[in-house]
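In what follows, chains carry the letters A, B, and so on, assigned in the order in which the sequence lines appear, proteins first and then strands, with residues in each chain numbered from 1.
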Amino acid sequence: MSVSVQEADFDTGAEIAALSRNDDGAGAVASFVGLVRGGSDGVGAMSLEHYPGMTEKALAEIVAIACRRWDVRRVRVIHRIGRLLPGEPIAFVGVASSHRGDAFAACEFIMDYLKTRAPFWKKEETATGSRWVDARETDDAAASRWGAAEGRD
Amino acid sequence: MSVSVQEADFDTGAEIAALSRNDDGAGAVASFVGLVRGGSDGVGAMSLEHYPGMTEKALAEIVAIACRRWDVRRVRVIHRIGRLLPGEPIAFVGVASSHRGDAFAACEFIMDYLKTRAPFWKKEETATGSRWVDARETDDAAASRWGAAEGRD
Amino acid sequence: MIKLLYFASLRETLGVAGEEIDASGCTHVQELRAHLAARGGVWNVFATSKSLRAAVNQAMAGADGAVKDGDEVAFFPPVTGG
Amino acid sequence: MIKLLYFASLRETLGVAGEEIDASGCTHVQELRAHLAARGGVWNVFATSKSLRAAVNQAMAGADGAVKDGDEVAFFPPVTGG
């Protein structure tokens, strides 16, 4: 159950391998990589601000909720901060479980909750200046479909 | 939309990286690795038999269904055959999409369908001999929750 | 002629991986199963097994799946990959 | 004293990242918001913004979240990580 907030890139293959290493009861590893999208609207780079101190606590709490709800063996969450270019990875969530249903559900749950509860904010650089990214209503919808959260929403 | 059936191991990190390479519209990559579980019941190794010719067709058809149902940009499926030891990877499914909801759904759908429709059969070696693995009813349930399939079930 | 293939535990039960047979009277999977079951002995599995699956020309087929001369028909237990 | 922190677009709107204030009359997040809005000018955002979020001692808190002397209270727009 390991959480990292870092500027550095991460090694997706190594992170996934570590989730089942020396644990031959781990039959399923589900993972997710979120990347900076670029392109049509001229986004040249993305800067990620966060709330040091709270960020790590929020991520650990989200992981703890997932571990109570599903049968998971290991969880790894990495979220990058600082300036990132289109195509670069922003976030990684990996979950090892005995069975794939739990691995998939816990992994998607953690991403959905991270999107609405972990204190990160994205600012996009465009040709005409920079702008803060607006929160998407679809993210609230994605998080709420997991049902009532433990604790305050 | 690439499918491989092979004896060789695969490089999970390289496969995931390839799903979003040179495509900065790919903001989400969901993936799954299935591994040989060992342990308590004394399984020493697993042998995977398949139906050459049909296997590749069945996997390609499952991927095609996923591509019709969800907005996905790239899909990669690898399934190993032959003799595998506990802890070794058996299967990989990776899906790149613009948004994470589609990536997660398509990835889990492909795994659920693969489990009930792709012609692979596992045989376990134990201390007392070898035995064919029985199909699990939970796999039928997992596949059926995606609703009526196109074509024959 | 119809090309028949048997996989996994079924192949071991029958002791044969495949064969070509003249089964011109069989137009559906269920008739082919009855034809094979009529051999008796280990072939009774085609009459008694509820879980046996079939594929015609490498596509999953039900008991009512059409079969014709020149087809490749495979029988096997439920799949267990992934 | 209460330690206040402002993040992202809110920080830029206010032109300040944080401060320490004596707000002994404020026992809940909503009173703290009213206290800050009363400064006027850019601080009106605390009265007008419906989307502003708060955290008390680094845990998400609603308008009725309790606040006491020595707490760290952060205000910020909806999060957009991941």
Original post:
Is it the backbone or the side chain of B:S98 that comes under 4.5 Å from a heavy atom of chain A, or both, or neither?
Top reply: both

Original post:
Where does B:S31 contact chain A at under 4.5 Å (heavy atoms): side chain, backbone, both or neither?
Top reply: both

Original post:
In terms of heavy-atom pairs under 4.5 Å with chain A, which of B:E15, B:E88, B:H99 leads?
Top reply: B:H99

Subject >> Structural part of A:D112 lying under 4.5 Å from a heavy atom of chain B >> reply: both

Original post:
Any residues in residues 6-14 of chain B near chain A, with a heavy-atom distance under 4.5 Å, and which are they?
Top reply: B:T12, B:G13

Subject >> Portion of A:V36 that has a non-hydrogen atom of chain B nearer than 4.5 angstrom >> reply: backbone

Subject >> Close aromatic pair by centroid cut-off 6.0 Å: A:F32 and B:F104 >> reply: yes

Subject >> Contacting region of B:A142 [heavy-atom separation from chain A under 4.5 Å] >> reply: side chain

**OP:** Heavy atoms only: give me the nearest B:D24-A:P86 pair and the separation to one decimal.
**Re:** OD2-CB, 3.9 Å

Subject >> Pairs of heavy atoms under 4.5 Å with chain B: top-ranked of A:G94, A:A17, A:C107, A:P89 >> reply: A:C107

Original post:
Thinking salt bridges, do B:R100 and A:D139 make one under a 4.0 Å N-O criterion?
Top reply: yes

**OP:** Check each atom of B:R145 against the heavy atoms of chain A and say whether the ones under 4.5 Å are side chain, backbone, both or neither.
**Re:** neither

Original post:
When rounded to the nearest 0.5 angstrom, what distance separates OG in A:S20 from CZ in B:R37?
Top reply: 13.0 Å

Subject >> Heavy-atom side-chain proximity of A:I16 to B:I16 below 4.5 angstrom >> reply: yes

**OP:** Locate the shortest heavy-atom distance separating B:L35 from A:A26; write the atom from each residue and the value.
**Re:** CD1-O, 3.3 Å

